[in-house]
Every structure is written in structure tokens, then in C-alpha cells.
Amino acid sequence: MAQCVQLVQEFIQDSFVPMVAVLCSEDAERVTRKNNLSFPELLRPFCRLTSEGHLRDPNNQVVVVKGLRISVTGINTRPPQSPELHRLLSQAVSVCQPPEGSPANVITAGDYDLNISDRTVKASVPWYSDWKETLTQLSSSKYYTATTPWFETYRENFLQSMPASEHEFLNHYLACMLVVSSREAVPTEQFLKLSQEQHQIQHSGEYTHPKWFIPNTLKYYVLLHDISEGDEQRADSVYEDMKQRYGTQGCYLLKINSRSGSTGADEQMPDPWSQYLHKTSIHNPELYEESAVSNAVENNIGAEEDGLDPSIKDGVSETHPLQLDHPTDAGYPGNDASQSVNNVDETRPQKQASGTSHTSPTPRGTCLTLNDHDHIRQFIQEFTFRGLLPHIEKNIRQLNDQLVSRKGLSRSLFSATKKLFGGGKVPEKSIAELKNTAGLLYPSEAPELQIRKMADLCFLVQHYELAYNCYHTAKKDFLSDQAMLYAAGALEMAAVAAFLQSGAPRPYPAHYMDTAIQTYRDVCKNMLLAERCCLLSAEILKSQAKFSDAATLLIKMTSEDSDLRSALLLEQAAHCFINMRSPMMRKFAFHMILAGHRFSKAGQKRHALRCYSQALQVYKGKGWTLAEDHINFTIGRQSFTLRQPENAVAAFRHILINDSKQSAVQQAAFLREYLYVYKSMSQLSGDGSLPQLPLPCLHSSQTRVFFGHERRLAEGEKQAATHVTLEQEFDRDLSQLWRELEERVVSVANRGTVPITFQPSQCCLNSQTDNLRYPLAIVEEPIIVEVVFRNPLKVPLALSALSLLWKFTLKDFSNPQGGTTALNDIIDTQVIPEFTISPEETKVARLKLLPHKTGELHVLGVVYNLGTGEVGNSEGSLAEDLMCVRGQQNLEIQGPRLNMTKEEKTSVRYGPDRRLDPIITPPMPLLEVFFINFPTGLLCGEIRKAWVEFVNVSAVPLTGLRVGSTHPEFFTFGSATSDLTPVTPTAAEHCSAYKTVAMPPSVATVSLVSPAAFGVTSGDQLVVTEIPLSRGVLGPGEALQIPLWLRGPDQEGVHEINFLFNYESTEKTAKLSHRVLRHTAFICASRSLSVRATASRSNTLHGRERETEEQQEAEEKNGSMLVFVDVENINTSEAGVREFHIVQVSSSSRQWRLHKCINPVGDKDSKLASRERGKLCFKATRCRTEEGGIVSSTTPCADFFFRRGLHSEARRGGMSAGGASQMQRKSLTPQSWTDDGGTSIVKKCSEVELDIIVLWKAYVVEDNKQLILEGQLHVALQTIGKESCSLSQKEVFRVWNDLRETQEMVLLKFKPDVPPPVSKPSLEQLSHLIKTCLHYPESYDHPFPQKSLCTVPVTLTLSNCSSAQVDVIVDLRHKTTSPESLEVHGSFSWLGQTQYKLQLQAQEVYKLFLKACFFQAGVYNLGTPRVFAKLAQTSAMCETSQQSAMPALIIINSI
């Protein structure tokens, strides 16, 4: 069952409360009517006690009464008859609906809201994926359980309308309040008159109603005093007289009306009566009218359908002795008892008042203050504690004494029940064996009824243990007498009393309830009592988490006699299924469908719609399409009936698009009804606006917008730039690449800074692009909107007159204009006359707009005529008219989820999506680019010449043409001074890409070129190239062709080369500063040559004196260097290459130049066939810093050298020499740089910074023709002794794997491309600070017999290789590390100082003259001096040994 507001104990206690009658005089009634209330209504909000009461049971044990509530009603109140009861209950359920705006009645595609809790738990499609987890949480938490207030309202009204029966006394009157006004002339006489009237009603036998609990009814005398009018002193004196006459516990003076109604009208006083009185009042006027009409009609139909007389519809006839209490007081009719039977006339004005209360609510309690509220509350407490509870306690004792004396048992009923229970148990017969004794009536003095009275009294004052014992005893007596009505009542209350006992001494006897329900229903034919029993038992079972038993019980109570009751119980059973430990969602949905059906039969259309809507969300996505279609069809019909066209449309929409398994014929019928509903809707609205058509499905998020003309096709050998088209798929990484490239181009165009207003160009917008800004479109350039439609049906859909719906605001005007044919001078709108979508087809429509004015454009949606797509018949166009509607669909695109700030992260917010809101800007130039003779395959390093053509196809001149690329080393347009002849692609077809100059072989030439001549001055300018235009402008319709040199990538494979052409208008506009054109080329690179180079420093030093140092040549000062170049042909002949020729080797460096080739082969060309390797050796010498320059300094050799991707910014200056070549090329050096850090100085000693350029030719056979291909490879030598290669390490590994097909390459270890930075110089780097060289004679003759000591002069030459001062320590002491070293060096020693401390200036050469002393002939190693060096400004921690590893041997001969 659904969660109730009250706990089950509170619910049961409030269902059975002490009943108190009220009998008022006319003056007293007049006093209360000032507040628009009768006296019972006045007391109603204060009838629950806030403090505890106490009484003693027959064993003198104290019983605590908590939260007691009493029911105060007029003595003449008559319950409604059966038809009136049906109407009141139906109205109570009808007006109690879910809160306004609840999603329970709303079905939205893709996200369903099931109203299963007050917090509305949401679940996404498919529903069943989260359903079980959601319901598990619901069942384990009391805070997330659904509430059904309409069921609680029905239950409360039903229990308050239970008839007063002879077999039970719970709703019989226990006391009677006699109320007299203090303004009476003689109040005591009026009290006596009222007392006699009550006595006559109870004891004369003329009245069947009301019924009284015991003969000795408590009479409580209330003197009502009106403070605003009466005399307070007189009232006090009368009250004193009453206390003398009736006792202090039998009377009370109640003072009310402390203010007049007019004086305090402007004050806001609380109205506690609104929640108690007229609970069935209608708060929604539209709902009231609808429910009143529908209930009046539906209830009559239901009664006729059931075939039952309305008077006995619930098993109670008009003449039945059990009458029904009215749910609310109908007002006190007066003193005339004859008026008390006029029930219909009393309730009808109340109903009318409640029906109109929404327009002018009647103010209540206008004469009462908060003090008066306290007086009333205190009066109720005094009456209960001092009057009612003592009266009940006294009667319990009397009944106990009577029962003990009559049955001859002991004084205590407790011991009596023990004896009864200890004796033999009376066998209970089954219901089928018992005869129908439902009409058996006991006399009022019967002991069985006295036990029942005592049990009911104990139950009312919460003494549940004694009540259970009494009920159990009475149950046995009734069963033995076969008084089944009495027995069922005792069983029912015994079960309730057992449940309510504190401490749970015994389990809840559910079988008692089952027997009682079966008896009421089958034997007694009393469905009212059976329903009450069912409601109580189900609530108890639910509190014990026995939801399965509760659901079974509720389902058993459904029947055909009452659709409303059956619907409510089925709904509660459905809630039981989802509250189980393992929720049964399908049973929940199935019983909600049954409940919705019964609600519909009962005229509760809104509740029926709610039940169907909740059940749909469980069935949805399960594949039970027929059930889904039935539910949706019912929802559509109910919503249409309830004037909810949106819900009806949504439900009918699901029938058609929810992957229906219906046949095509059935779907066609659904579609026709669907269109009929839409046509009816549009006719009913009458506002002229087009309706929203959900067919076909429109995927708004997949909408794409393209700005600009479609791409022009290529002509002949011309290859047009790819740019952006609607056929291309969006790639996020590629888009980011284009954006970064465009930023770099714009940065170069704006002198190194990107403008704040920079907005990347986006020609095609989709769901993955950045759409937060308004896109920019150009006037007179088309805008193409690609819309995606999907037909979910098995029948075709025919769309006609399909076009875009837009709104346009002129730049100078703010009035929005609609997209009509009369405004073609503003925007041309394309109309597709026919657009047929086949069954279950997804189809794209491209709709075009051509703006002629500047301004703001907003694309709102699409507008079209929707038809069934069926071929027309011969009946004329009337049927076709009915089956075709004109409507629209909005293109509503949700922007991206915002997740930047803390507030956005903690909430769900979406940004805007502006792709459909372009701004139309003034005219801009439009560029088209064509490539001529552009290759698709190249050898690695191959140089190829192509041509590029630029065409301005707009009416606006363009300027500032630049091109940026992700692979700037791949192409070049040449330097500014390069010779561009021949000027046409045809004339240049068979020419070499290089510039050739005749010169003698083996002669090295030097040239100096500025890097600015090749556009290489910074990293960005390496990426961005400015294209020269004649006069700097390309006019409208003009074309320009310029050459383009290409060089094959150094790595083999397929390479994606991206070009971005950027250009501007001659007239600067604020909106659009530049435009771009993209081109992507794919080049397949094949292997060519692999070049490896190694540099070795010569250890020879010239023996010049320090004074003559400045007169020496720079290349002779610190010696020279040997450069070994290994060239290997790694081509696999897949490109038809026969052999490679090494044409020339050039160098580029600021410090070194290739001096001459020392190969033994002389000047002969180096030819390499497949898999062959050649080695070249060159001598490199130092050059002056100011002498920088290189050979090969013209286009394209120099361009590609400086565009190589090997950190060319770190290279400085250069020279190169060509060997064995008849061609001469020139290249350039970047500017020098300095670094004063010690680490940098040390590193420079071992750095070479020499770039080798190898130029080659390849002879290729293609189509029986021999072609000559040219190319160049680059190798960067950085460190002495370390090998460098033209290929990357990965490429080397792959080549070796291809050449050696074994798996022995595991021994190869590759170092990282970029070494990690070090804070201190390494030992290896420090070892290059000083070069040492010993000069001594190879042999020395000495006459040892004549002279025992031999002295030999030795010169130690020290050369500072760094550009800073170096401190040097020369230690001549022998290093004694082992005994062997003593043997080797022990036969000679150095004479003079054993240690020298020197300081060498930058590049200084110093000679130290030493003497070695020998004692005998032999061979000696003079390499024992240890040399330590450190930079002058560093600490001693950097010292390291500079001793050469080469031995210095001398032969000493004895003569």
C-alpha cells in the first residue's frame, strides 16, 4: 500500500473514538452562529487532547491514555443514504488530485516521470534499466514511499460514515453535552428541558437514531457565555449555581466571542476549521464542474450496469437498522426533535455551499480571539479528564462486577478469562457449515453484549489487553450461538486489539481478520463492514512489511458492486507490489491498469489517466508493444476527453513512433486518427498558429549548418582545395588542429598577437562544434541547413511544401520579419515541393537560404504539409484534405552542459547553441585554390616542383594572402630573390628543381645568406608563409599561378598534410576580419637513403708559442675534425628505383666547415644500388665567427634545410663544402646566441653543431621510361663521438628489422630523443675542457755506465677548448693504487715541481716544459701526469681528471 500520513496506530485510534452528542438551545446556537459555525463544528479542531489522561482498570491498575481524540456531533445528525453516500465518496475522491503541475499526467519522449513519490523519482529510458534499483531504494526508505491522498480521503470519509450497528457499540454515544446560553432568562430551566429531551430521545423507543452506549448516559452541562454581549457577573453567578446543582465535574462555563466580527475584520486570525470542515469542498472550479457532471452521469450508468438497486448497492437498504453517520456535521436543526429525520434537506445546502466556496469563502471564527481558542481547548480537556474518563472508568467497573456476578466467577475478569481459556476449547465450525444467522439479535441486557460493551469501552480508552480478553471471550460465546454478525465483529476487534497491545505480547492474528471479512461478505452480505475490516487489516499488514498478504487481501475485496472501491483497492495493491523486498514492477503495472479501468468505469477520468500513465512507464521498453499501444490509446482518449490535447497528442505520438509492431494497415489507421486529432486541435485553437507536428521525427541535435557556396569541381589536371563540405565527417582532434593553425596564422598577420575578438572560422556547424557564439555568414552567400528526418512507421509519409521557418532583423531596423514569399528581396527561401519518406527511413533534407541584406537571422524550424503518403482515390479531394495538415516543427537545440564554475558544477545548466542564429555581414572576398601537377607519392627527401593557382571568385578584392601548414618542412614557395623561371607548369615539366652552376670538382665554396630571405625568423613564421601578390591585391575575378616545391617526408608511410590559406578584405570590417580556405593532401612516402654521420676530434696540437697565437689561422689553432658519413640505400625497389647517386655533400655550421674529402675513391660519383652502403670521410676545420655561410644557398635546397623539423632554432651559422660534384648549392645559418652559464660553456666544448646535407639523384624506371628524381637528406651532428642519423630512432629500428629478418634486435637500446635536463655538467662533458699532448723523442740513447741518471726533456701542451677561463692543476706524482702500478712507474720519476697550478684563458694553448729522470734502459709510459680542470667561477666540486687514455711510450737505450 502507499505511504500514509498517519502511523497505523494513530489511524486505528482515530477510526474508533468516543462519541459525544450535543444538544443546544436556540440562544446558544445563535451565539456560535456568529462565527458561521455550529457548536459541534466550533469544537472540532480542538477535540484532540495534547496531554495524557489516566484511569484505573478493575484491578486498580493505572491505564495511561495518550493522544485521545473525541468526536462531537449534533444529536440530530443523520447520515446520508446509500445513493448520497456513493456521491459524496466519489466527489471526495474526484476533488483530491495530485498537485497541480505534477508530471504524472505528462508523457515526454525520452524521459518519463513516474509519480511514485512526493519527490517524483525520475528514471530515464529504457525504464527497466534503473527500475529495480529505484524501487529497492523506495522499499528500504520510508521517506521515498508514494502517498495517495485520495485514498486516505476516501477511507476517512468512509469510516466516518459507518452506520451505528446493534452488534457493536464503538460508534454509539457515550455522553451528551447540554449547551445553554448565559442570556437565557432561567438557564437551569433550559438545562432541565434539554435533559428531558435527551432522555426522551434515548429511552422513549420512538427513535432508532441516535444509538446510545449505555442507559446511564453522561450529561455534561455547558453554560455558553458571549463576552461581547452578555453580563459576565450574571454568568459567573449562574455557573456557581450550576456547580452546586450538578457538581464541579458535571458542568462548565465556556466564554467565547471576545470581539465583535466587525472590529477585527482587518486582522488575520488563524482558521483551524478549514482542514476539518467540508473536506470535500472543490478548490478547482473547472475540476468541480467536470467532476460534478461526470459523477452524476457515470454513477447512474454504473448503477444500471451493475443491475443493482442504488439503495442496496453496498448491502445496506434504506430500512436497514444500521444507519450511517454523516462525515461532517450538517448543523444543529433546533430543539424540535421532529426535524431530526430530514437528512436530505440538511446535506444539500452544505453541498451547495462547499461547491461555491471557491468563489467567496465564508470566514469562520471572526468573533474569536486566540484566548477564545485556548478557552475552547481547556473546555475539551476539562470535559474529558473530569467528566468522560471517570464516567468510562465507572462503567467498566460496573460491567465487570455484573459479569462476575452473573457468571459466578471470581471478582477479577483476568482470572475469569484464564479459567475460560484454560477449559476445553469450543471447536470452531467453518463458515460453510454455519447457518445464516446474520439476523439474530441479542437483548440489550444479554451477558454477551455486556462483555462486548466492556471490550469496546476498554478499546476506546486504549486498554487493549483487557479489550482483547473481552473480545476473545465474546467471540467464543457468539460462535457457540452461531451469531455470525456478532462473532465477526468480535473477531475483527480482537485482531485489532491484539495488534495495538504495547510490547506485542502476541502476534497479530491475521486469520481472525480473514474469517471476519469472509463472514461479513458471504454470510452477512454486508460489504460496508467487510470493507472496513479489509482497510484495517491491510494497513496493519503493511506496517509489518507483509505486503504480499496485504495485496492478496485488497484484491479479494474487489467486486462488481462498486467500481470506485475496487479501483482504490487495486491501486493500493499495486503499491504493495513495489514495496516488497523484491519489487514486482510488472504486477504493479498490471494492477495499475486494472485500477485505471475501474476508475474509468466509476467516472474518475483523471485518476484513470494517472494510473495508465504510471503503468505505461513500466511497460515501456519491455517489448510488449501491443500492451503499450493499448495503454497509449487509452491515455490519448482520456486526455482528449479531459481537454488535455497536449497529453493526447503525446500518447497518440507514442502509438506511432514507439517502434510499434503493429501491421502497416493498423499503423495507417492510427496515423489517420492522429491527423484527425491534430486537425481538431488546430480548429479548436483558432489562433491561426501552425500546430507542432511530431511526425516525422526531427533529430534537432543532428542539424548541420553550412555557410558558403558548394565546392567547385576540378578541371583537367587541376586539383581543387578540399576545404569543408557537408559530406565530410566531423573530427574533434582535426578541428582543434585547424583552430590552432588559424590562431598562428592570425598571430603572424597581427605582428605576433592574437586579437581579443578572434573567432575561429567554422564553415560547418554541428553538435560537436563550439556553438556558443553567433556564427557569421556573408551576404549573397548561401546558408544550407541540413535537417534529419526519420519515419518510424511502416507506411510512407508524404511531406510537401517543405521549407525553413525563420525570423530576420535588418541591421538598421528592429522589427522582426517572417519568412514569407513577399520577402524574397531580403532572403530567398528554398521550397522543396515534394519530400517523401519511405517506411522506417532516415532521410536528410538540405534547405537553402540566400540572404540579400545584412542583419540577424534566426532559423526557427521547418514548416510543411503532412500527409499519409497513400495514393489518392477517386472519391475526390475531400478525403485527401482530411488526411493532410499544415504544421511545423521547431528546431530546438540544447546547448552543452556548463561545468566551469562551482555553481555550474553543483547544478544542471546548459549553455546556448547559436548555430541557427547567424549574423549576416557585409560582402567579403572569396578565394578558390587549385593545385597543378601535385604528386600523391614521393621518396623520402625527394624534391618535386608543382604549381598552385589562386582565384578570387568574389566581387571584392582580397589581400594579405598567407598559408599555414602543420608540415611546413613539406613545401616552400621559394625565397623572395629566387628565380621563378620557367613561369608555366608545362615549360618546367622536365627541368631540375635545383639551380645548377658549373665548377671544378673537390673545391669547397662558401656563401653567406640572411635567414629572412627564406621567411625563417621565428617559429610561427616557419609555419606561416606569405604569398606574394602583384601590387599586394588580388582583384575580383583575377587568378595567380606560382611554383610550389615539395619535399618528401623523412619517414615512410602515408602523411596527411594540412594547408590553411588565410586572406583579408581590403576594406576592414568589425564583424569578420579574415577568411580561410582549408586543403588536406595525402602523400605516400617511400624509403630512399639512410644517412649516418659521426664526428671525431683530432688530438693533434700545433706547437706555437702563446705570443704568436694571434697570427695563426683559426682552423689551425685547435686542430681539425674528421667527419664520417655513411650512406645506405634502404629503398625496397617498390617505386621502381634502380640506383642512387650521391651528388653532393654540404655542411651548415657556425664553427665548422667541410675542408676536403679524403675518400680514396677520389672524385668519382658514389653510386648505391639496392641494399648497398657507402662511406665518405671529410676533414672539417674551424672557421672564423664572422665568416659564416654555406654552399647550397638558393631555392629550394636552402628552404627545405631551414624548414626541417629538427629544432632549427638551436642551430647557428654554417659552412658547407661540396665534394666530387658538378653542382653548387647554397644554404643559410640562423643567428648566433650566447649563454653565460657554466653548464652551457662546458657543453659547448663537446658540441659540434654541424649539419650535413646530402644531395642525391635517383634513376627510376616507370612505364618503360627512365626518370631522374632529385632529393636531399639532412643529418645534425651535435656531440663529438656520437652518431647521428637522418631517420628517427623508430624508423631506424623498423629499417633494421626489414634488413635483418631475425629477432636479435633485443640488444638494441635507444636513447630518448630529448635528453633530460641536468643541473651540473657530466664527467664526460668536463673531460673535454682541456686537451693535452706530450711531445718527447720516441727513443733516447744514454750511457748508463758512465752516468747513472738519464734526463729527458718532455713538453706537456695544454689547450683550453672552452670560451671561458679554466683553472688547471697538473699533478706529476705517481698514483699508487696497486702494487702493479708501482712496478710500472717505479723506475722513473719527474724532476722539479710535483704540482703546477695554471690558469688558461679562452682558447689558449700553453706549453709546460718537464724533465723525466730514468735509472735504467727500457720502455716507459710517460702518460702518468694527472690533469685536473674546472671553470674559474665554479667550485672545486667540478674538478675531474683530464688524463688521456692513450699511452705515451718512450724507449731508453743504453750505449
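Residue numbers count from 1 along this sequence.
- L68 has its side chain within reach of L389: a pair of non-hydrogen atoms, C-beta onward, lies under 4.5 Å apart.
- Under the 3.5 Å distance criterion, with hydrogens and angles disregarded, a donor-acceptor pair is assigned to the side chains of N395 and H391.
- A side-chain N or O of T73 and one of Y173 form a donor-acceptor pair less than 3.5 Å apart.
- Of the residues listed (V17, L174, L49, I380), the one engaging I70 in a side chain to side chain contact (heavy atoms under 4.5 Å, CB included) is I380, and it is the only one.
- Between the side chain of D57 and the backbone N or O of L466 there is no donor-acceptor pair closer than 3.5 Å.
- Residues P58 and N400 come closest through the heavy atom pair CB-ND2, 3.4 Å.
- To the nearest 0.5 Å, the span separating CD on E382 from SG on C251 amounts to 10.5 Å.
- Side-chain N or O atoms of S537 include none that pairs as donor or acceptor with a backbone N or O of C534 at under 3.5 Å.
- Contact between H172 and W212 at its shortest, heavy atoms only, is ND1-O, 3.6 Å.
- Among L218, D456, L170, the one residue that satisfies the side chain to side chain contact (heavy atoms under 4.5 Å, CB included) test with F213 is D456.
- H463 and Y468 share no side-chain donor-acceptor pair at under 3.5 Å.
- Residues R565 and S559 meet the side-chain proximity criterion, which asks for heavy atoms closer than 4.5 Å.
- When atom types are taken as modelled, the side chain of Q202 and the backbone of P215 share a donor-acceptor pair closer than 3.5 angstrom.
- A salt bridge links E168 to R532: one of the charged nitrogens lies within less than 4.0 Å of a carboxylate oxygen.
- Within a 6.0 Å radius of NE2 in H199, other residues, nucleotides and ligands contribute 12 heavy atoms or fewer.
- Side chains of S195 and K219: a donor on one and an acceptor on the other come within 3.5 Å.
- Of the possible donor and acceptor atoms, none in the side chain of S90 sits under 3.5 Å from a partner among the backbone N and O of R87.
- F158 and Y154 have parallel rings, their planes meeting at less than 30° on a 0 to 90° scale where 60° marks the start of perpendicular.
- A pairwise comparison of heavy atoms in S15 and L159 identifies OG-CD1, 3.3 Å as the closest pair.
- Between Y464 and F499, the gap from one ring centroid to the other reaches at least 6.0 Å.
- W273 and F46 have perpendicular rings, their planes meeting at more than 60° on a 0 to 90° scale where under 30° would count as parallel.
- With hydrogens and angles disregarded, a donor-acceptor distance shorter than 3.5 Å links the side chain of Y520 to the backbone of G489.
- No side-chain donor from either of Y486 and D481 sits under 3.5 Å from a side-chain acceptor of the other.
- Residue K243 places its NZ atom among more than 12 non-hydrogen atoms of other residues, nucleotides or ligands, all under 6.0 Å distant.
- Relative ring orientation between Y246 and F191 is described as perpendicular, the plane-to-plane angle rising above 60° on a 0-90° scale split at 30° and 60°.
- Residues V63 and Q462 have side chains not in contact (no heavy-atom distance under 4.5 Å, counting atoms from C-beta outward).
- Using a 4.5 Å heavy-atom threshold, the side chains of L529 and C524 count as separate.
- In summary, R48 and D14 engage in a salt bridge, as defined by a charged side-chain N under 4.0 Å from a carboxylate O.
- At a cut-off of 3.5 Å, with distance as the only test, no side-chain donor of T148 or E571 sits close to an acceptor on the other residue.
- Salt bridge absent: R44 and E41 never bring a charged side-chain N and a carboxylate O closer than 4.0 Å.
- Classification of the F379-Y220 ring pair by plane angle, with boundaries at 30° and 60°, yields tilted.
- The two atoms that bring L388 and A175 nearest to each other are CD1-CB, 4.3 Å, heavy atoms only.
- Residues C176 and I75 share a closest heavy-atom pair of SG-CD1, 4.3 Å.
- Applying side chain to side chain contact (heavy atoms under 4.5 Å, CB included) to M484 and the options V523, T515, D522 leaves one that passes, V523.
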